[in-house]
Amino acid sequence: TFQNNTVSGFDLVGGSLAITTMSGMVTVNNNIFQGNTIDGVGGVVAIMSSNSNPNNDQSVVFTNNTLTNNTQVRSSNAGSFGDGGGGLLVKRSKDVLIENNTFENNVAGGDGGALWARDVQNIVIRGNAFDGNASDASGGAMYVYASRGSITLEDNQITNNDSYQSGGANLISTEGDIYVKSNTIS
């Protein structure tokens, strides 16, 4: 359990857990993240590739985790990258699986109340519950930007999420398809 941690500083990520690699597989499974705060770029849990190559080799499996009552504070600490992800930030990764997680009552000062995925390739978001999350920008539940590859949103419960700008789920792909199947969005 990662609980009641606070991180504040310019360009920082990961209020309770930050993982940065050049390549390989990152697996985060069966954890609880509760009541954590990040005053920086974002993500109470942040998984990033330090490789800026768009064909990087970092893959992510994020499964069976619970993220509740976490906060990403919007401030000048975000730097030029921007900010978001009250619960989870995934940046510059490919073949991303986010499955069977619970995201409840997370808040982002930027994009993606529960989830902010930026510059990802081939992301599957399946079987998760997103409830009561909020964003001061876009995507109350999630903001997903795929710079390459596809986005699949399947069999999720996306309920009672709020955002200042666009929607409970904001999905953007510049070079791939977007599949939205069998979700409950209310």
To the nearest 0.5 angstrom, please state how far the CD atom of Gln121 sits from the CD atom of Gln58. 11.0 Å
Minimal non-hydrogen separation, Ala108 against Gly113, with atom names: CB-CA, 3.8 Å
Taking the side chain from Asp119 and the backbone from Ser147, do they hold a donor-acceptor pair closer than 3.5 Å? no
Tell me whether Val44 shares a hydrophobic cluster with Leu67, the cluster being built from Ile, Leu, Val, Met, Phe, Trp, Tyr side chains joined at under 4.5 Å. no
Is there side-chain contact between Ile123 and Ile98, with at least one heavy-atom pair below 4.5 Å? yes
Does Leu97 reach the side chain of Arg126, with side-chain heavy atoms less than 4.5 Å apart? yes
So does Ser138 get a backbone contact from the side chain of Asp111, meaning a donor-acceptor N/O pair under 3.5 Å? yes
Interatomic spacing from CE in Met142 to OG in Ser163 - rounded to 0.5 Å: 12.0 Å
Would a single hydrophobic cluster contain both Ile178 and Val120, if residues Ile, Leu, Val, Met, Phe, Trp and Tyr are joined by side-chain heavy-atom contacts under 4.5 Å? yes
Of all pairs that satisfy ring pair (Phe, Tyr, Trp, His ring centres under 6.0 Å), the ones with a partner from residues 160-186, not counting sequence neighbours: none
Can you check side-chain contact (heavy atoms from CB on, under 4.5 Å) on Phe62 and Val26, steps first, answer last? CA-CA 8 Å; Phe62 191 84; Val26 175; over 6 Å; no
With a 4.5 Å limit on heavy-atom distance, are the side chains of Leu88 and Phe33 in contact? no
Does the pair Ser8 and Asp39 meet the rule for a side-chain hydrogen bond (donor to acceptor under 3.5 Å, both in side chains), with working shown? CA-CA 4 Å; Ser8 178; Asp39 178 0; 3.3 Å; yes
Which of these, Asn30, Thr102, Asn29, Asn31, sits in a side-chain hydrogen bond (donor to acceptor under 3.5 Å, both in side chains) with Asn65? Asn31
Closest contact, heavy atoms only, Ser49 versus Ser93: N-OG, 4.4 Å
Side-chain donor-acceptor pair present, Asp177, Ser150, cut-off under 3.5 Å: no
Do Asn156 side-chain atoms and Asn128 backbone N/O form a donor-acceptor pair below 3.5 Å? yes
Shared hydrophobic cluster for Phe103 and Ile47 (ILVMFWY, side-chain gaps under 4.5 Å): yes
Does a side-chain heavy-atom distance below 4.5 Å link Ile158 with Leu153? yes
For the NZ atom of Lys94 and the OG atom of Ser59, what is their distance to the nearest 0.5 Å? 6.0 Å
Main chain of Gly110, side chain of Gln72: is a donor-acceptor contact present, judged purely on distance under 3.5 Å? yes
Ile19 and side chain to side chain contact (heavy atoms under 4.5 Å, CB included): which partner among Val28, Val60, Val13, Thr27? Val28
From Thr1 OG1 over to Gln34 CD, what is the distance, rounded to the nearest 0.5 angstrom? 8.0 Å
Non-hydrogen atoms of Asn133 and Ala141 that approach each other most closely: CB-CA, 4.4 Å
When you compare the side chains of Thr68 and Glu104, does any donor N or O come within less than 3.5 Å of an acceptor on the partner? no
Would you say Thr152 and Lys181 make side-chain contact, with heavy atoms under 4.5 Å? yes
Would you say the side chain of Leu89 lies within less than 4.5 Å of the side chain of Ile38, judging by non-hydrogen atoms? no
Determine whether Val124 and Ile151 fall in the same hydrophobic cluster, where Ile, Leu, Val, Met, Phe, Trp and Tyr are linked whenever their side-chain heavy atoms lie under 4.5 Å apart. no
Asn101 (side chain) donor-acceptor with Thr66 (main chain) under 3.5 angstrom: no
Are Val180 and Leu171 close enough, and set up right, to give a side-chain contact (heavy atoms from CB on, under 4.5 Å), and what steps lead you there? CA-CA 10 Å; Val180 179; Leu171 311 174; 3.9 Å; yes
Flag the pair Thr174 / Tyr145 as yes when at least one side-chain heavy-atom distance between them is below 4.5 Å, and no otherwise. yes
Same apolar cluster (I L V M F W Y, side chains within < 4.5 Å links), Leu115/Leu17: yes
Identify, with sequence neighbours excluded, every residue that meets side-chain contact (heavy atoms from CB on, under 4.5 Å) alongside Asn105. Asn69
Answer yes or no: is there a side-chain heavy-atom contact under 4.5 Å between Val61 and Glu99? no
Reported CG-to-CG distance for the pair Asn64 and Asn100, which is rounded to 0.5 angstrom: 5.0 Å
Euclidean distance, Ser135 OG relative to Gln165 CD, rounded to 0.5 Å: 7.5 Å
Under 3.5 Å, is there a donor-acceptor pair between the side chain of Asn5 and the main chain of Gly15? no
Using modelled atom types and a 3.5 Å cut-off, is there a donor and acceptor pairing between side-chain atoms of Asn161 and backbone atoms of Ala134? no
